Q: 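A single structure is presented below for examination.
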Amino acid sequence: MANTSFLNVDNDNVLLSIQKFLKSILDLNDIEAILAPLHKKDGKNIMPVFIADPTLLNDVDPLAPAFAMNAAKLVSKLTHKPMGKKIAVVLRSCEIRALIELVKLKQAYLEDIVIIGFDCLGTYTNKNLAFLMASDTTDLTQRFCENALAGKEPPIEGGPNLSPACRACEYPVPENADILIGLLGLDIKKQVLLQALTEKGNALFENLSYTESEEPPGRKKVISEVISKKIEFRDKMFETTHKATNTLEKLSDYFASCINCYNCRVACPVCYCRECVFNTDVFDHDPYQYMQWAKRKGAVKLPADTNFYHITRLAHISLNCVGCGQCSNACPNDIPVMELFKYVANNTQAAFEYEAGKDMDQPPPLSVFKEEEYLDVVGIN
Amino acid sequence: MAEHEPLIIAFVCNWCTYTAADLAGTSRLSYPKNIRLIRVMCTGMVDPQYIIKAFLEGADMVIVSGCHPGDCHYINGNYKARRRIKLLKEILPKFGIEKQRLKLTWIGASDGIEFAKTMQELVIQAKTIGPNPARTGAGL
């Protein structure tokens, strides 16, 4: 049973109460640092920072609609070998889901970390966030959270919409956090929900003096309403993407402006190879090869191998894709990469009855097999 | 116009299907010249990208063929191959590469006759499906 309590919010400022909560965690003897998004005073960026000095927690801003990168990759850096110290990491739902995938791939470990998750109200693309932050950022997080919880679209009046990945996200509430900060179904001017979801969370909870309480009765309904709205957006997005990519010719058009920079691969939290085949000399084609392609096909797009790259990445990681949207975010030419990856991932994961980031005990489909399975793919008929 | 002569890429494992192909040859069995055999040590080493590459270069059909379940020289490579084929059969049709263009079979080392028959059947099927548009299109 979840250990449930509330964080009181003073002065209509939800961020202050969360900062206070994080300080109380850092004050505990066994937690020595916290990874969390930090918004430096007057700074125009909100980036993940690994914080050991409690005073710096005054600038921590996890609820801001900023998502510069998927921090699961950073947790991998902090945990791939034992650090010898316990730390806390404040992550969005999709970051936790990506982290779960990395743990299954043995590229991150949970032993020494406590995961603090929160109801994610969505984020902007980096470009749109920069646009918003170029103007007044006073109370940005508070305004954003209040409006987003009230269901306003776009959440900041006159501003851009949330990123498509967030609008299509079916997991606003993280499931694998140790401690969850709940916002949906709460009046965040008064209080936010605090829940311990795991043994580890419970143990931490016991060291903090919160009184046991009940989850607000309306919360489940609010969550399911938010999710069904997002699924509606997602399904329309799948439909559009399907129509735009259902032949190789159309796929070429879809990726026509791809410059093979591989930013999407770098930004992808679950692209797990240490060395990517697309960086090897396998792709240093003989110059005459280009002539052969051009003659056979009439012309060849350069840089070449664009469809090959994207379909290969789909084969490699669509089963692990959590739909965080960082691939689209990283694209210099605004190709809707996430739209395609999430669409294909939805299908491949369903085919293997797998949900990326959901269940630690469910092995990645390509890491296991059974003797009697998928007999329908065998044979020539 | 001449009938389309399909091009079929066959990834065959060293221990079973390649040996079967060899047996078909030494037994003077004939099979169509549309097949290009690529010998691999095990179907378990056929990375999905090999298959994707073959289709993007215009192969009309790709077949991966190895040892029967339980007979894999490396114990379980063929089971891994089966999952990868399952995965590709989900992905490739999204881009108009029909499921029927990708095949997985088990042909044991002594099945020379089976090998020749399978290859004959594949060519008939490939002719029915028609040419892969990627061969001459999708260059841009």
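First the proteins, then the strands, lettered A, B, ... as listed; each starts at 1. From a predicted model like this one, the values you see are computed outputs, not experimental measurements.
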Q: Highest number of heavy-atom pairs under 4.5 Å with chain B: which of A:L251, A:V277, A:I311?
A: A:I311
Q: Examine whether an atom of B:K86 lies under 4.5 Å from a heavy atom of chain A, and if so say whether it belongs to the side chain, the backbone or both; otherwise answer neither.
A: both
Q: Looking only at heavy atoms, what is the nearest atom pair of B:K53 and A:H285, with distance?
A: NZ-CE1, 4.4 Å
Q: Could you tell me which portion of B:L88 (side chain, backbone, both or neither) has an atom closer than 4.5 angstrom to a non-hydrogen atom of chain A?
A: side chain
Q: Counting only heavy atoms from other residues, nucleotides and ligands, does the tally under 6.0 Å from CD1 of B:I113 exceed 12?
A: no
Q: Say you draw a straight line from OG1 of A:T241 to NZ of B:K94; how long is it, rounded to the nearest 0.5 Å?
A: 12.0 Å
Q: Check the pair A:F352, B:R83 against side chain to side chain contact (heavy atoms under 4.5 Å, CB included), reporting the backbone distance first and the verdict last.
A: CA-CA 9 Å; A:F352 285 95; B:R83 285 209 162 206; 4.1 Å; yes
Q: Can you name the nearest heavy-atom pair linking A:L248 to B:A134, along with the distance?
A: CD1-CB, 3.6 Å
Q: Which of the residues A:L319, A:V368, A:N381, A:V344 is involved in the greatest number of heavy-atom pairs with chain B at under 4.5 angstrom?
A: A:V368
Q: Under the criterion side chain to side chain contact (heavy atoms under 4.5 Å, CB included), I'd like the reasoning laid out for A:V378 against B:T105: C-alpha separation, chi angles, the key distance, then a yes or no.
A: CA-CA 6 Å; A:V378 183; B:T105 58; 5.6 Å; no
Q: As an exercise: rank A:A350, A:S367, A:P365 by heavy-atom pairs under 4.5 Å with chain B and give me the winner.
A: A:P365
Q: Rounded to the nearest 0.5 Å, how far apart are CD of B:Q49 and NE2 of A:H316?
A: 5.0 Å
Q: Would you say that more than 12 heavy atoms from the other residues, nucleotides or ligands in this model lie under 6.0 Å from the CG of A:L105, or not?
A: yes
Q: Given that the side chain runs from C-beta out, which part of B:P69 has a heavy atom under 4.5 Å from chain A: side chain, backbone, both or neither?
A: neither
Q: Is it the backbone or the side chain of A:F255 that comes under 4.5 Å from a heavy atom of chain B, or both, or neither?
A: neither
Q: Answer with side chain, backbone, both or neither: which region of B:E57 has an atom nearer than 4.5 Å to a non-hydrogen atom of chain A?
A: both
Q: If only atom types and distance count, is the side chain of B:Q125 paired as donor or acceptor with the main-chain N or O of A:I380 below 3.5 Å?
A: yes
Q: Under 4.5 Å heavy-atom distance to chain A, tell me which part of B:L102 shows up: side chain, backbone, both or neither.
A: neither
Q: Select one option (side chain, backbone, both, neither) describing which atoms of A:S318 are under 4.5 Å from chain B's heavy atoms.
A: side chain
Q: Could you check B:R82 against A:F369 for side chain to side chain contact (heavy atoms under 4.5 Å, CB included), going step by step and ending with a plain yes or no?
A: CA-CA 9 Å; B:R82 186 166 60 192; A:F369 56 83; 5.9 Å; no
Q: Measuring from atom CZ of B:F95 to atom CG of A:L314, what distance do you get when rounded to the nearest 0.5 angstrom?
A: 5.0 Å
Q: Could you tell me which portion of B:D47 (side chain, backbone, both or neither) has an atom closer than 4.5 angstrom to a non-hydrogen atom of chain A?
A: side chain
Q: Would you mind checking which part of A:E372 comes under 4.5 Å of any heavy atom in chain B, side chain (CB onward), backbone (N, CA, C, O), both or neither?
A: backbone
Q: Non-hydrogen atoms of chain A under 4.5 Å away: do they reach the side chain of B:L122, the backbone, both or neither?
A: side chain
Q: By a 4.5 Å heavy-atom criterion (distance strictly below it), what part of A:A256 contacts chain B: side chain, backbone, both, or neither?
A: neither
Q: Is it true that, when you exclude B:M41 itself, more than 12 heavy atoms of the residues, nucleotides or ligands shown sit nearer than 6.0 Å to its CE?
A: yes
Q: Would A:V377 and B:K103 count as a side chain to side chain contact (heavy atoms under 4.5 Å, CB included) if you check the C-alpha gap in whole Å, the side-chain angles of each, and the deciding distance to 0.1 Å?
A: CA-CA 7 Å; A:V377 305; B:K103 308 283 188 197; over 6 Å; no
Q: Taking everything shown except B:K117 itself, do over 12 heavy atoms lie less than 6.0 Å from its NZ?
A: no
Q: Can you tell me how far CZ of A:F308 sits from CD1 of B:I52, rounded to the nearest 0.5 angstrom?
A: 6.5 Å
Q: Pick from A:K250, A:K370, A:H242: which one has the most heavy-atom pairs with chain B under 4.5 Å?
A: A:K370
Q: In Å and rounded to the nearest 0.5 Å, what is the CG to CH2 distance from B:L56 to A:W293?
A: 10.0 Å
